[in-house]
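Presented below is the structure to which this report refers.
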Amino acid sequence: MSDEKIEKASKIDLDRTDMPKQPPEIRRHNFNEVALGYTEELAIKEAKRCLQCKKPRCKTGCPVEIDIPDFISCIVKGDFAGGIKKIKEKNCLPAVCGRVCPQETQCESKCILTNKKGEIAIGRLERFLADWEAKQGKIDIPKKAKPTGKKVAVVGSGPAGITVAGDLILLGHEVTIFEALHRAGGVLTYGIPEFRLPKAIVAREVDYIKMLGVKVITDFVVGKTRSIDELLEEFDAVFIGTGAGLPWFMNIPGENLNGVYSANEYLTRMNLMQGYRFPMSSTPVRKHMKVAVVGGGNVAMDSARTALRMGAEEVRIIYRRSHAELPARLEESENAEEEGVIFNMLTLPVRYIGDERGWLKEIECIKMELGEPDASGRRRPIEVPNSNFRIAMDAVVCAIGNSPNPLVPSTTPGLETTRHGTLVADPETGKTTRDRVWAGGDIVTGAATVILAMGAGRKAARSIHEYLMNKG
Amino acid sequence: MNKIIERKMIVPNMHLIEIEAPDIAKKVRPGQFVIVRPDDEGERIPLSVADWDTEKGTITIIFMEVGASTGSLASLNAGEAVATCVGPLGNYTEIKKYGTVMCIAGCYGIGSIYPVARALKEAGNNILTVIEARSSYLIYWLDRFIPISEKIFTITRDGSLGYKGHMKRLPDILHSLPAFPDLIIVNGCTYLMAHTSHVTKEMGISTIVNLNPIMIDGTGMCGVCRVTVAGKMKFACVDGPEFNGHDVDWKEFLARRKAYMEEETLFFRRSEPKTKIHKEGECQV
Ligand SMILES: Cc1cc2nc3c(=O)[nH]c(=O)nc-3n(C[C@H](O)[C@H](O)[C@H](O)COP(=O)(O)OP(=O)(O)OC[C@H]3O[C@@H](n4cnc5c(N)ncnc54)[C@H](O)[C@@H]3O)c2cc1C
Ligand SMILES: Cc1cc2nc3c(=O)[nH]c(=O)nc-3n(C[C@H](O)[C@H](O)[C@H](O)COP(=O)(O)OP(=O)(O)OC[C@H]3O[C@@H](n4cnc5c(N)ncnc54)[C@H](O)[C@@H]3O)c2cc1C
Ligand code: SF4
Ligand code: SF4
Ligand code: FES
């Protein structure tokens, strides 16, 4: 190493700036956001650590390729308006992504400082800028292209649908979103809880695309209220972004007892239906004292932490592999642990046992151990014979996964699906096997992430635009 | 938001509501339902479509006031609006020529089975109608059933009209016929459907029920509506709501139906000032 390089390396600050959080013993009793965000001082302090690499590796880890060093250098200069503009060139939902992107496996995992365990907190900085912009009160409305007279229907209002709609409206097309539920936002609205992603933020993003002129029609189930073919009579192109909303169950005895929920039901009751305000809201929610959550992903963590906040005294995560294999974001499983969630690793429920009134009373589990790696590269869990045991529980939330809802494919002739129920679509353009129909997000990939859904939406928007402009 | 064209109490505690919903009116078929949210704070509740007018663009629902949401629905009037009305959901009744079809209904089911009976009649079936109620004054829409039915039987708890008693009298009716019907369709409260299924299973008469579990989204997303049918897990909102009554696990179904009983009572107590609750015609505002 040359002297100059050593000099520079020694100046490298590897101390990630912590983001203030509500203390665990307080936050486990409220639904307010856990992480409080950087102040301007903290943001600048963190931004200053960035080396402004000539060939920024961080950028390659971001599915939408945000110009990360550029927006960070804006923060260093105190030019927050410039910073958020930079991000928005590539990402229309920064307040959401800054909060829920799995940064540790995406942008931050590629940061040059990661080897030294001092990666730049890119997500937190992104969130800071988005929140700063919202606080200014006035939102920059970009200029729209001249009206093209073309009409596009977007099915589903999750991150994929929002991105497609936002991009196409700016290009001068008329865009209408059709959403089955009564509130727009997809999983961001009905799934991810308030304490991780405040609903006001999602509402702001939806209002923003409405402000741009996108029509949002809620309470409209495509495939029931109108079919894709009927939409094609009125619209020049259709984008399907219906997500992966069909809950899996385990097919074990007792699964239909009262007190056994799918994570979708549990979280929808709390978020979309505002069950956490019961009895002030009219969605009935049963108060459970001992809640087990089966699964180890983000959905499981969200369910477990919601259960704590609903007043449960004992909340357990039951997962069939070990800690190392937990698919949830590290930050989320750590938050859950801090808040008091108990982790029962290498454990698999085999039977639910009810009382005489049909309510869950106990879970019978079996112990697991890790064998050889399976197709996913993770070590396969195998049952330990005769290791069955029971835990007394009055509710269990099943969070073992979701697959795409078959409603749209089954009512659209010619729309091909894979054997996993996902739609067949070109990964580069989102084109499906039906003319004038595009798709993207979880409906194509299976349950994935917000940023990937947005990325897919962006590609589809580009392809739809090209098609509409060439069609004459 | 969907505008209310009309809302009236047709018999004590039973309301008719006509809602503007042109998209649904165009699409709906017999046996399907909608999900309604009375106001922006409200819960989503499934309700069968009892009639529709494609030209006017409206649908009609008959509902019984039993709890918080049906309570606030009953307090709405013409000119006001419901926050949500989405559908048509669920599969529709398979309408074809079966021969003789017996339509058994009680409570709100009298309304929701009507379009089924009408369509079956148009498809060339003989319709036998059985209506069950606590007393004759709770029976409605007889005038609609008379023109389409070969015969109408009524069972009233107090014997004020037709057979005296409750569904236990169904075998008497069935045995009074020259031949058993080719198909029975039942719609109404859970006990009515469960009991009918038990009786007809023994007699070997095919029976279709229109299940009414708790629901949230109505599109297969939450799984709260799951029922066990012929040993398999089904979601009533997308696989049903109609199922073969002989295959339904009724014990489990009844237990799931009551899941929120205690919480619903709690809500009632807390929210008294907000919702006006009608009880048998006496309005306790
Ligand atoms: C609890 C939970 C936590 C998560 N946490 C994270 C996280 O921390 N980070 C992360 O990156 N990802 C997370 N995810 C995953 C992420 O939310 C999804 O990958 C993403 O939302 C997919 O976006 P989408 O636009 O494809 O679909 P969705 O967000 O699922 O939206 C689809 C929309 O389409 C609507 N729809 C469905 N069918 C119809 C129809 N027939 N007609 C009209 N509308 C219809 C649905 O109601 C829904 O609103 C989480 C998911 C869940 C459930
Ligand atoms: C597919 C489907 C179609 C339906 N169609 C209709 C319809 O056309 N008209 C209609 O009135 N209802 C219908 N229902 C039932 C209706 O959804 C419920 O009555 C409604 O959800 C009650 O909501 P609530 O908040 O007013 O009462 P809740 O507060 O949810 O319930 C109050 C109490 O009444 C009991 N209860 C609820 N419903 C009934 C009932 N139907 N009979 C007896 N006791 C009951 C509950 O167990 C509870 O103890 C249907 C249900 C389904 C799934
Ligand atoms: S969008 Fe997500 S992956 Fe891209 S920079 Fe922001 S936090 Fe990182
Ligand atoms: S890799 Fe890390 S240090 Fe380099 S520009 Fe990106 S964030 Fe900054
Ligand atoms: S009502 Fe949610 S899956 Fe049927």
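Side-chain atoms are counted along with the backbone in the values below, which use heavy atoms only and exclude waters and symmetry mates. Residue numbers start from 1 in every chain, and the chains themselves are labelled A, B, ... in the order their sequence lines are given, proteins ahead of strands. Please read these numbers as outputs of a predicted model, since none were measured by experiment.
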> Yes or no on side-chain contact (heavy atoms from CB on, under 4.5 Å) for A:V221 and B:L89, after CA distance, side-chain angles and deciding distance?
Replying inline: CA-CA 9 Å; A:V221 183; B:L89 301 170; 4.0 Å; yes
> Between B:D40 and A:R183, does a side-chain contact (heavy atoms from CB on, under 4.5 Å) hold up when you go through it step by step?
Replying inline: CA-CA 10 Å; B:D40 217 33; A:R183 240 172 242 130; 4.3 Å; yes
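Note that CD of B:E252 and CG of A:N258 are 9.0 Å apart. Values are rounded to the nearest 0.5 Å.
Of the listed residues (B:K251, B:M221, B:K26), the greatest number of heavy-atom pairs within a distance under 4.5 Å of chain A belongs to B:M221. Highest contact tally toward chain A, considering only B:C85, B:A21, B:G218, B:G220, is held by B:G220 [criterion: heavy-atom pairs under 4.5 Å]. Contacts with chain B were tallied for A:G354, A:P247, A:A244; A:P247 has the most, counting heavy-atom pairs under 4.5 Å. Between chain B and the residues A:V260, A:T218, A:N251, the most heavy-atom pairs under 4.5 angstrom are made by A:V260. Contact tally against chain B (heavy-atom pairs below 4.5 Å) for A:T225, A:L257, A:N264: the top residue is A:T225.
Atom CZ of A:R204 sits in a crowded spot, with more than 12 heavy atoms from other residues, nucleotides or ligands closer than 6.0 Å. The environment of B:Y92 atom OH is sparse: at most 12 non-hydrogen atoms of other residues, nucleotides or ligands sit within 6.0 angstrom. For NZ of B:K3, the number of neighbouring non-hydrogen atoms (other residues, nucleotides, ligands) closer than 6.0 Å is 12 at most.
For A:E230 and B:K27, the salt-bridge test passes: some basic side-chain N is under 4.0 Å from an acidic carboxylate O.
Counting all heavy atoms, side chain and backbone alike, B:A255 lies closest to A:R357 at CB-O, 4.0 Å. The minimum heavy-atom distance linking A:F220 with B:V86 is given by the pair N-CG2, 4.1 Å.
In this structure, the portion of A:L407 lying under 4.5 Å from any heavy atom of chain B is its side chain and not its backbone. Looking at A:Y266, there are no atoms closer than 4.5 Å to chain B (heavy atoms on both sides), in backbone or side chain. Heavy atoms of B:V28 lying under 4.5 Å from chain A are absent altogether. Proximity to chain B involves both the backbone and the side chain of A:N256, based on heavy atoms less than 4.5 angstrom apart.
Using modelled atom types, no side-chain atom of B:D23 and backbone atom of A:R226 make a donor-acceptor pair closer than 3.5 Å. In this structure, A:K224 contributes its side chain and B:G90 its backbone to a donor-acceptor pair below 3.5 Å. Between the side chain of B:R37 and the backbone N or O of A:H182 there is no donor-acceptor pair closer than 3.5 Å.
Between B:D217 and A:T268 the shortest side-chain heavy-atom distance does not fall below 4.5 Å.
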